[in-house]
Every structure is written in C-alpha cells, then in structure tokens.
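Single-structure report; data block below.
Residue numbers start from 1 in every chain, and the chains themselves are labelled A, B, ... in the order their sequence lines are given, proteins ahead of strands.
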Amino acid sequence: MQRRDFFKQLGAVAAVAAISPAISFADEAKKLSGPNDLSYKAAVDAITGGKGAEESSKVNLKVPEIAENGAVVPVTVEVESPMTDSDYVKSIHILATKNANTRCIDVHLTPSNGKAMFATRIKLGGTQDVATVVALSDGTFLTATQNVKVTIGGCG
Amino acid sequence: MSSRKSLIKIKPKSYKDGEIVKVSFMVMHPMETGMRKDKKTKEVIPAKYINSVKFDYNGKVITTMNVWESLSTNPVFTTYMKVNGEGKLSVTFSDSTGEVHEKSIKIKPKG
C-alpha cells in the first residue's frame, strides 16, 4: 500500500507541475468573462445584507481536507439549534471561495425540518476554502470555513 | 415533464409518528456549467443546471433551495424532516433550461 501511495503522489505532483501554467492562464480568462462572477466578500454581503457573519463553534462544517477529485466533494453542514417556532435556523448557504461563481447553494429551512442539517456534493475548481454562512431566526449570521486541497480540478 | 431518473430515500426505513427522519433526494442530471468545451468539436457545451428545489409534505413547504452550477453532476440533497401523520412527500425541481420534474413518495408512520 505504501508503494502504491508513493506512486500516486508522484503522479499527482508531476501532473500539477505540467498543467499549472495552463490553469492559471485559464483562470485569468474566466475572471474576465465569468457568467455569474461574484467574489466571496460580495456573496457574503449579499447574503447578510452587509452585516457580516461571525465565526462560531455551533456551526459544524464537514469537508474532506484533501479531495482527490474536485468534481465530487461531499459537504455536510450541521448547526446546533432547537428548531422550534421561535428559535430555528432560517437558511444555510454553502460557498466555494475561488470558484467562478462563489455561491453553490442556499437552503431555506423551516421548524418542521426538526434538525438543522444539510448535505450535498459540490464541484471545486482547485485548492481553496469552502465556507458556510448560516442565518438564524433572530437575525444573526454565523460562519465556518475550511481549506480543501484539490488534486484534480472539477470545473472546466 | 421528463423521464429523468430520480429517487427519494428515507432513513430509517420504518419510523413512528413524530420522529425526525433523514430525507435524501437524488437525481440524474448533467449540471453543465456552460464553461466546459466538447473535446472533439471544441464547442462550448451550453449551461444546464438545477436552479431551484422544493420539498413539499402534505401541501406544506418544508425546505426550498436556490442552486447554482457548482453542484456536482447527479446531485444529492440530504436534510431532515419531522414525520407528522400519513401523507405524501414530493420534491420538485426546475433547471436553467426550464425543465421541471417532480417525484413523490408516500409517508406511512408505523405505530
């Protein structure tokens, strides 16, 4: 198994070295002509209405630290909340900070969900931070971020 | 309406009234970003991605989603739901080309 892992890593390094100049050039082009271009800060402002979000341990963001395939990256967001009519999680937003379009999904929850959790699979264009912004019913916003290393990009 | 393949899974399989269960909705969908090129013809593949999903339980909306192109091909949407009597759970989605699809299952709590 060790031998196999070694060859895998060697292959990955060689591939990245060969492709990286082409990727950076393509990224420049995409930045200029992206169809849904919204930077991470602009996206957070759009969600929170300029208020900004606070880092919190109540939000549990589960993403693999190293994703071998950027086309399928499992993401799970869990929020500690009683989910009653007076105190519940309004929405969960998942953001990929360096994708051409930062916003992946907005999930609007209601108290009849019973538990504030959402899981899906996203595409990542390269190594970047995956973030989540959570809106609570009392009008505050919480956030959590985690870096993900991507060996093979999933976009384009 | 289309003949797209989709599936709703509930965990655990047998549940009681009032229990909180895990609901997964899976669908076979290409989720094209509109930025990818066909390797043979060098033409840009037009964008086709799901942009909204709705979970409906006995006529009451429990979860809605706004979706963009960075979700994986054949996406999965997993969340929780409180069982509240017998009825129908239906999931509707629409995509950027105007395609609409609906899938529904019966909810039958035991005991």
request  = Would you indicate whether Asp85(A), at its atom CG, is surrounded by more than 12 heavy atoms from other residues, nucleotides or ligands within a distance under 6.0 Å?
outcome  = no

message = Does atom CD (Gln146(A)) have a neighbourhood of more than 12 heavy atoms from anything else shown, all under 6.0 Å?
response =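 It does: Gln146(A) CD has more than 12 such atoms within range.
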
Side-chain ([X]) to main-chain ([Y]) donor-acceptor, under 3.5 angstrom:
| X | Y | answer |
| --- | --- | --- |
| Thr63(B) | Leu109(A) | no |
| Ser112(A) | Ile62(B) | no |
| Asn66(B) | Asp106(A) | no |
| Lys115(A) | Thr79(B) | no |
| Arg103(A) | Val67(B) | no |

ask   = Given side chains that start at C-beta, do those of Met31(B) and Lys123(A) come closer than 4.5 Å, heavy atoms only?
value =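 Sidechains of Lys123(A) and Met31(B): in contact.
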
query = Do Thr78(B) and Thr120(A) have side chains that get closer than 4.5 Å, going by heavy atoms?
reply =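 Side chain of Thr78(B) against side chain of Thr120(A), heavy atoms only: no contact under 4.5 Å found.
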
request  = Return the set of residues passing salt bridge (Lys or Arg N to Asp or Glu O under 4.0 Å) with Lys98(A) (not counting sequence neighbours), or none when no residue passes.
outcome  =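 Residues passing salt bridge (Lys or Arg N to Asp or Glu O under 4.0 Å) with Lys98(A): none at all.
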
task = Under 4.5 Å, heavy atom to heavy atom: which of residues 20-30 of chain B reach chain A? Give them by number, or say none.
result =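 Under the 4.5 Å heavy-atom cut-off, Ile20(B), Lys22(B) qualify.
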
inquiry  = Just to be sure I understand the criterion: a residue of residues 86-98 of chain B counts if one of its heavy atoms is under 4.5 Å from a heavy atom of chain A. Which ones qualify?
reply    = none

message = I'd like to know which of Phe55(B), Tyr57(B), Phe77(B) tops the heavy-atom pair count under 4.5 Å against chain A.
response = Phe77(B)

query = Top residue by heavy-atom pair count (under 4.5 Å) with chain B, among Val73(A), Ile122(A), Ile92(A)?
reply = Ile122(A)

query = For Asn101(A) and Glu69(B), which heavy atoms make the closest approach, and how far apart are they?
reply =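 So the two residues come closest at ND2-OE1, 3.2 Å.
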
key: Nearest heavy atoms of Ser70(B) and Cys104(A), plus distance in Å   =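 Reported closest heavy-atom pair: OG-SG, 3.5 Å.
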
When clusters are formed by joining ILVMFWY residues with side-chain heavy atoms under 4.5 Å apart, either directly or through shared neighbours, do [X] and [Y] land in the same one?
| X | Y | value |
| --- | --- | --- |
| Ile8(B) | Ile50(B) | yes |
| Tyr49(B) | Val44(B) | no |
| Val59(A) | Met117(A) | no |
| Phe118(A) | Leu61(A) | yes |
| Tyr15(B) | Tyr80(B) | no |

Once you round to the nearest 0.5 Å, how far does [atom1] of [X] lie from [atom2] of [Y]?
| X | Y | atom1 | atom2 | answer |
| --- | --- | --- | --- | --- |
| Ile94(A) | Met65(B) | CD1 | CE | 9.5 Å |
| Ser52(B) | His108(A) | OG | NE2 | 10.5 Å |
| Asn51(B) | Ile105(A) | CG | CD1 | 11.0 Å |
| Lys60(B) | Thr110(A) | NZ | OG1 | 6.0 Å |

Which atoms of Val75(A) approach chain B - backbone, side chain, both or neither, heavy atom under 4.5 Å = neither

query = Got a sec, which hydrophobics cluster with Val44(A), joining ILVMFWY side chains under 4.5 Å apart, including via others?
reply =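 Val44(A) clusters with Tyr40(A), Ile47(A), Leu95(A), Val133(A), Phe141(A).
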
